[in-house]
Amino acid sequence: MKELIEQLALEHRLDATSMAKLLHDAIHNAATLQLLRSTAVRTAREQFGRGIYIRGLIELSSYCHCDCLYCGLRRSNSQAERYRLTPEEILDCCEQGYRLGFRTFVLQSGEDATHTDEWLTPIICKIRTLYPDAAITLSLGERSETSYRKLKEAGANRYLLRHEAANEDLYASLHPHGRGLRHRIHCAKTLQNLGYQVGIGMMIGVKGQIIAHLIEDLQFITAMHPEMVGIGPFIPHPSTPLGSEPAGELNLTLATIAITRLLLPQALIPSTTALATLSSTGRTEGILSGANVIMPNLSPTNVRAKYAIYENKAAWGTEAAEGLSALENELQAIGYHIDYSRGDYH
Ligand code: 5AD
């Protein structure tokens with residue numbers, strides 16, 4: 001496997017058969033996983049040194065008209081507690097975040113029909129005016145090209161829209177009432193064409209996913225060449241149809257992050273909240289697999305528990321914006337530090 005890892009690190013691509021071999025070996029052979037991760041870490045250090053970018057995550061609304069089988073915010077979950085932040089609350093989050101040192105705000109939300117362009121654009125304009133040196137990242141799901149353009153003109157710079165699954169059948173099985181994989185990809189490409197820095201990605205270990213599907217995801221990521229890639233383990237939420245399914249595997253997640261780093265050396269790759277939720281050491285293990293971004297929670301503390309996309313989602317301590325000193329300590333312990341710059345893609 002050493003040759004395959006070296007080839008991947010050198011050429012930033014690998015054919016599907018070799019990739020499947022590598023991923024399979026990485027989860028069955030500790031030495032392969034170790035070599036894959038250390039090679040990914042070396043690649044990340046060449047690009048970013050030992051700095052980890054931080055992004056302040058603001059969860060605007062837990063209302064969602066989607067019905068994704070895995071997600072606790074799905075519209076069929078009648079148990080979910082719903083909330084919606086006011087524009088003033090969102091601006092307060094930004095003010096607090098800016099004071100703490102954040103220079104990227106991520107506005108993430110369920111697909112809430114009340115979030116029209118008319119509602120969103122003044123908020124984005126305001127953030128852009130108040131914090132001209134901060135990046136604004138949106139994660140608001142599937143919208144029209146016109147909408148994406150208006151939000152960009154209002155001042156947004158980046159957009160996160162995970163593709164969730166590059167295999168059409170798997171995608172359809174997870175999103176039975178959605179608009180389909182083609183439409184999702186169309187949205188991501190539209191965002192790229194409009195000049196956003198774009199993030200895609202997928203969960204690891206969601207029901208029905210096999211290694212061959214992950215290879216399709218990795219080939220899709222290679223072809224899309226996004227600026228950001230979010231990868232985390234599936235974690236069951238009890239009030240969803242997948243509530244009794246097992247969570248995704250830690251080692252498979254780490255191996256997939258490491259391969260993604262080698263495919264896209266410059267990409268911004270978060271060590272995700274799902275990874276930190278799966279394991280107490282998940283966040284540092286993500287960094288020690290080539291991730292270089294952490295997204296602490298900046299949402300008002302009284303709504304954090306309600307943005308429950310999965311069970312026991314980490315939103316406190318080192319996952320919280322007010323826990324930055326704890327995060328700094330955790331990073332120092334593995335020889336890293338917080339990089340407070342905006343952290344754009346280069
Ligand atoms: N487990 C892990 N990740 C999830 N997401 C949604 N539900 C879950 C879950 N149960 C991920 C999706 C979505 C992102 C915001 O969170 O990939 O794009």
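In what follows, residues are counted from 1 in the order of the sequence shown. Each ligand, and each atom within it, is numbered from 1 in the order the structure gives. Since this is a predicted model, take the numbers as computed values, not measurements.
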Aromatic ring proximity, centroids under 6.0 angstrom, Tyr70 and Phe234: no

Test applied, side-chain hydrogen bond (donor to acceptor under 3.5 Å, both in side chains); reference residue, His65; option that passes from Glu111, Arg75, Arg74: Glu111

Proximal ligand 1 atoms for Tyr310, defined as those under 4.0 Å from one of its heavy atoms: 1 (N), 2 (C), 3 (N), 4 (C), 8 (C), 9 (C), 10 (N)

Sub-4.0 Å atoms of ligand 1 with respect to non-hydrogen atoms of Glu164: 12 (C), 13 (C), 17 (O), 18 (O)

Identity and separation of the nearest protein heavy atom to atom 4 (C) of ligand 1: Met203 SD, 3.4 Å

Enumerated ligand 1 atoms positioned under 4.0 Å from heavy atoms of Ile309: 7 (N), 10 (N), 16 (O)

Heteroatom proximity flag, Tyr70 to ligand 1, N/O under 3.5 Å: yes

Side-chain ion pair, Glu59 and Arg304, N-O less than 4.0 Å: no

Cation-pi geometry met for Arg103 and Tyr98 (6.0 Å, 45°): yes

Side chain, backbone, both or neither: the part of Met202 lying under 4.0 Å from ligand 1 by heavy atom: neither

Residue that, paired with Ser147, satisfies side-chain hydrogen bond (donor to acceptor under 3.5 Å, both in side chains) out of Arg143, Lys150, Arg149, Glu145: Arg143

Which segment of Pro233 sits under 4.0 Å of ligand 1 when only heavy atoms are counted: backbone

Which residue and heavy atom of the protein sit nearest atom 14 (C) of ligand 1, plus the separation: Arg162 NH1, 4.0 Å

Plane angle bin for His115 and Trp119 - parallel if under 30°, tilted between 30 and 60°, otherwise perpendicular: parallel

Salt bridge Glu142-Arg179, side-chain N to carboxylate O under 4.0 Å: no

Where ligand 1 meets Phe234 - atom numbers and elements under 4.0 angstrom, heavy-atom basis: 1 (N), 2 (C), 10 (N)

Any donor-acceptor pair under 3.5 Å from Arg55 side chain to Gly343 backbone: yes

Contact with ligand 1 for His237, non-hydrogen, under 4.0 angstrom: no

Minimum-distance protein heavy atom relative to atom 15 (C) of ligand 1: Gln108 NE2, 4.0 Å

Nearest candidate to atom 1 (N) of ligand 1, where distance is taken over non-hydrogen atoms, out of Leu57, Ile235, Ile204: Ile235

